[in-house]
Amino acid sequence: MTNFAELRRQMIEHQMIARGLRDEAVLNAMSAVPREAFVPSELVEFAYNDAPLPIAARQTISQPYIVALMTSALQLKSTDRVLEVGTGSGYAAAILAQIVGQVFTIERHKILADSARDRLQELGFDNVEVLFGDGTRGWPSQAPFDAVVVAAGGPDVPEALLEQLAIGGRLVIPIGSEMHRQSLLRIRRVSEDDYQQEDLGGVHFVPLIGTSGWQEERSRQSTKEPVTVTLAELIYQSSEHFGSIKEVNLDKLLKRIGNSRLVLMGEASHGSAEFYEMRARISQELIEKKGFNIIAVEADWPDANYINHYIHNTSPDPLLETAPFSRFPTWMWANKSVLKLTHWLRDYNLTVAENNHSVGFYGLDLYSLNSSIEAVLNYLESVDPETAELARVRYGCLTPWAKDPAVYGQLMLTKQYKKCEKDVLATLRDLLKARLNYAHADGQRYFDAEQNARLVTNAERYYRTLYYAEQNSWNQRDQHMFDTLQSILSFRGKNSKAIVWAHNSHVGDARSTQMSARGEFNIGQLVREHYRRSAYLIGFGTDHGTVAAASEWGGPMEVKQVQPAHIDSYERLCHNVATDNFLLPLTKPIKPALRKRLLAERLERAIGVIYRPESELQSHYFYACLPQQFDEYIWFDETRAVEPLNRETSKGVLETFPFGF
Ligand code: SAH
């Protein structure tokens with residue numbers, strides 16, 4: 001049984017008090033109202049999360065802190081009569097009802113109004129009246145109100161609400177010219193026709209829809225033009241449709257990519273075959289027709305390096321202790337689609353005469369602490385045994401945890417163990433100092449060792465800060481990936497051109513997603529900031545089908561059903577388009593009207609190596625602005641799970657080479 005009282009206590013402490021909210025009446029009300037009774041039953045476990053949650057009719061129950069902040073901003077007295085616009089779940093109304101004598105609340109969705117009324121009654125709130133209707137007109141028969149609070153964002157303050165305020169009354173309302181971003185205003189009626197206004201800061205509410213709010217139609221697209229075609233029709237007209245990955249004609253895509261030096265390709269899950277196969281097709285054309293010579297992927301350096309040796313027909317040095325990609329999640333790279341590409345790359349490299357035209361395969365990620373340490377030591381032993389000895393001692397600080405570095409991160413919290421930062425940095429410095437000596441003898445091997453030493457340095461920091469909320473380990477990881485990409489580009493020379501394969505969440509510009517509000521950036525953003533128009537970002541999406549994923553970190557791979565996309569998502573919109581597979585140019589749209597109409601934020605789904613369909617909305621969706629996030633979006637209405645290479649059951653080495661032993 002979940003201990004909701006304890007969760008409530010933690011919510012008050014971590015979300016309210018920690019943010020400086022000290023209003024005692026509000027804190028008492030928040031401790032008294034069972035928020036779990038106001039959220040959909042499948043989301044009960046998330047009821048006290050520091051976030052809004054979806055409820056029926058595509059609406060949300062506000063984040064607890066926002067409810068507290070708004071209630072506190074109303075400066076209530078116990079005798080006040082309060083009007084709320086936007087009942088939603090009824091949660092905020094219940095909080096108000098704990099504090100004041102009488103609450104009137106209006107909701108424009110009948111289903112929400114009815115269920116909130118029942119819920120409040122069941123919970124014994126007999127001082128709340130719920131009305132189904134348009135709250136932008138207020139509730140004239142009950143006016144004046146000592147306080148009015150609006151839980152949805154409109155373009156202007158509705159006149160009716162100002163009129164229905166008592167003298168001395170307060171109106172708290174989010175107002176903004178964009179549909180999903182507002183400033184929270186507090187307006188005080190000082191006298192019959194004198195109002196004072198304060199700005200309480202930026203907020204993010206669902207739109208206020210009504211006579212003095214946004215128009216219903218326009219909530220989908222914030223333009224004033226008459227709507228003649230639906231958005232799904234416009235996408236249909238603005239996209240290149242195709243039947244199969246084998247046959248798709250990519251000429252126009254290649255034209256749009258133009259002279260870009262970088263092409264970043266995402267994926268909406270780590271386990272859907274179509275995303276891999278389409279990226280392989282596009283990569284092959286970029287290699288053959290535009291001279292791209294780098295494929296850099298969201299995998300660890302040593303594993304990818306193993307593949308790099310395979311496709312160059314050279315022997316890996318040092319040999320990995322285990323087969324490449326044997327760390328969880330194995331299917332992400334050890335799958336049939338990737339295997340096919342490595343064979344193609346090997347054949348392709350046989351046809352190129354000059355070394356700098358051959359295609360290299362590289363890993364951008366930093367989870368291979370153990371094998372990277374091994375790789376650095378092996379390299380040093382072969383070129384400089386004395387330095388190798390010293391490096392072994394220095395890395396000794398980390399080796400007890402190298403196989404399970406998260407433990408190192410946890411131990412660092414206790415401050416009883418020695419931090420290994422200086423030791424790992426010293427090894428990297430030694431390598432860099434000797435760069436000229438080592439590198440001229442063997443550029444490729446030196447480069448490999450240097451990248452491994454950088455990986456160890458960054459991984460040490462990544463794990464050390466993993467458990468500190470204020471230090472953002474996501475950013476460290478993406479910064480490492482971007483820095484690695486930069487190193488590869490410079491190693492491969494000034495004419496080098498790179499293709500990146502990573503999840504949409506790394507590749508799509510973070511500034512146009514909810515990530516940015518958390519202070520997170522990603523490779524897509526860093527690449528755009530550095531390379532501007534010389535980078536082309538491609539996102540991928542799907543509606544339904546199967547996906548390879550685990551239920552928890554480290555768990556076994558399962559083939560799961562992908563749920564049909566959420567009604568308020570870009571995916572649902574694409575599903576409604578009258579064709580199954582398409583390329584949708586966003587930066588250079590086929591129909592210029594498209595971009596503008598896609599701008600209003602919607603939900604977007606991200607399935608990683610874990611997929612939990614049961615709590616999909618909470619764990620896999622976030623808000624984004626698609627046409628700003630990517631230059632192009634590639635859609636497969638239905639997708640199927642990747643086929644993992646099964647080392648245990650495959651008949652022999654050859655079948656899965658270079659992945660198996
Ligand atoms: N206070 C709510 C938050 C609901 S979100 C809670 O605690 O759960 C905002 C709600 O405002 C949505 O349910 C939406 O349907 C409603 N809404 C939007 N425009 C409205 C209008 N003009 N009149 C009444 N309700 C409106």
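Both counts, for ligands and for their atoms, begin at 1 and track the order of listing. Residues: numbered from 1 along the sequence shown.
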Next item on the list: Could you check which of I111, I61, L53, T60 puts a non-hydrogen atom nearest to atom 4 (C) of ligand 1?
Entry: T60

Item checked: Shortest non-hydrogen contact between H620 and I607, atoms and distance -> ND1-CA, 4.0 Å

Margin query: Can you report which non-hydrogen protein atom sits closest to atom 7 (O) of ligand 1, along with the distance?
Written below: A92 N, 3.2 Å

Notebook entry, point to check: Can you name the nearest heavy-atom pair linking R528 to F630, along with the distance?
Noted result: NH2-C, 3.7 Å

Next item on the list: Pull out every atom of ligand 1 sitting under 4.0 Å from any heavy atom of T136, numbered as shown with elements.
Entry: 22 (N)

Next item on the list: For the residue pair Q63 and D50, confirm or rule out a side-chain donor-acceptor distance under 3.5 Å.
Entry: yes

Next item on the list: Would you kindly say whether H575 and D637 are connected by a side-chain donor-acceptor distance under 3.5 Å?
Entry: yes

Check: What atoms of ligand 1 come within less than 4.0 Å of a heavy atom belonging to V206?
Finding: 5 (S), 9 (C)

Next item on the list: Start with the C-alpha gap between I12 and L21, add the side-chain angles, then the distance that decides, and say whether side chain to side chain contact (heavy atoms under 4.5 Å, CB included) holds.
Entry: CA-CA 9 Å; I12 303 275; L21 201 138; over 6 Å; no

Item checked: K588 atom NZ, neighbour heavy-atom count above 12 within 6.0 Å -> yes

Item checked: atom 2 (C) of ligand 1 - nearest protein heavy atom and its distance -> T87 O, 3.3 Å

Check: For ligand 1, which atoms sit closer than 4.0 Å to a heavy atom of G135?
Finding: 21 (C), 22 (N), 23 (N), 24 (C)

Next item on the list: State if S62 counts as touching ligand 1 under the rule of any non-hydrogen atom under 4.0 Å.
Entry: yes

Item checked: Nearest non-hydrogen partners of Y621 and A565, listed with the distance -> OH-CA, 3.5 Å

Checklist line | Close approach of A57 to ligand 1, heavy atoms, under 4.0 angstrom | finding: no

Next item on the list: Compare every heavy atom of A94 with every heavy atom of L120, then report the nearest pair and how far apart it is.
Entry: CD2-CB, 3.8 Å

Check: Any side-chain donor-acceptor pair under 3.5 Å between E233 and Q237?
Finding: no

Check: For the rings on W474 and H506, is their centre-to-centre separation under 6.0 Å?
Finding: yes

Item checked: Identity and distance of the protein heavy atom lying nearest atom 9 (C) of ligand 1 -> A151 O, 3.3 Å

Checklist line | Short side-chain donor-acceptor distance under 3.5 Å, T542 and H544 | finding: no

Check: Are a donor atom and an acceptor atom from the side chains of Y611 and E558 found within less than 3.5 Å of each other?
Finding: no

Margin query: List ligand 1 atoms under 4.0 Å from G133, heavy atoms only on the residue side.
Written below: 23 (N), 24 (C)

Notebook entry, point to check: Which one of R137, H109, R108 has a non-hydrogen atom at the shortest distance from atom 24 (C) of ligand 1?
Noted result: R108

Item checked: Protein contact to atom 11 (O) of ligand 1 [nearest heavy atom, distance to 0.1 Å] -> G86 CA, 3.1 Å

Margin query: Residue-level breakdown please: for A93 versus ligand 1, do any non-hydrogen atoms fall below 4.0 Å on the side chain, on the backbone, on both, or on neither?
Written below: neither

Next item on the list: Tell me which part of L112 gets within contact of ligand 1: side chain, backbone, both or neither, using heavy atoms under 4.0 Å.
Entry: side chain

Margin query: Give me the residue, atom name and distance of the protein heavy atom closest to atom 19 (N) of ligand 1.
Written below: I209 N, 3.0 Å

Margin query: Closer than 4.0 Å to some heavy atom of I106 - which atoms of ligand 1 meet that?
Written below: 24 (C), 25 (N)

Notebook entry, point to check: Which of the numbered atoms in ligand 1 are below 4.0 angstrom from a heavy atom of Y91?
Noted result: 7 (O)

Note to self: Counting only heavy atoms, tell me which of E84, E107, Q63, M70 gets closest to atom 13 (O) of ligand 1.
What the structure shows: E107

Next item on the list: Using the ring of F104 (Phe, Tyr or Trp, six-membered ring only), decide whether R81 places NZ or CZ under 6.0 Å from its centre and within 45 degrees of its axis.
Entry: no

Check: Do ligand 1 and I55 have nitrogen or oxygen atoms that lie under 3.5 Å from each other?
Finding: no

Check: Got the closest protein heavy atom to atom 8 (O) of ligand 1, with its distance?
Finding: S89 OG, 2.6 Å

Checklist line | For atom 18 (C) of ligand 1, closest protein heavy-atom neighbour | finding: P207 O, 3.6 Å

Check: What protein heavy atom sits nearest atom 14 (C) of ligand 1, and how far off is it?
Finding: Q59 OE1, 3.3 Å

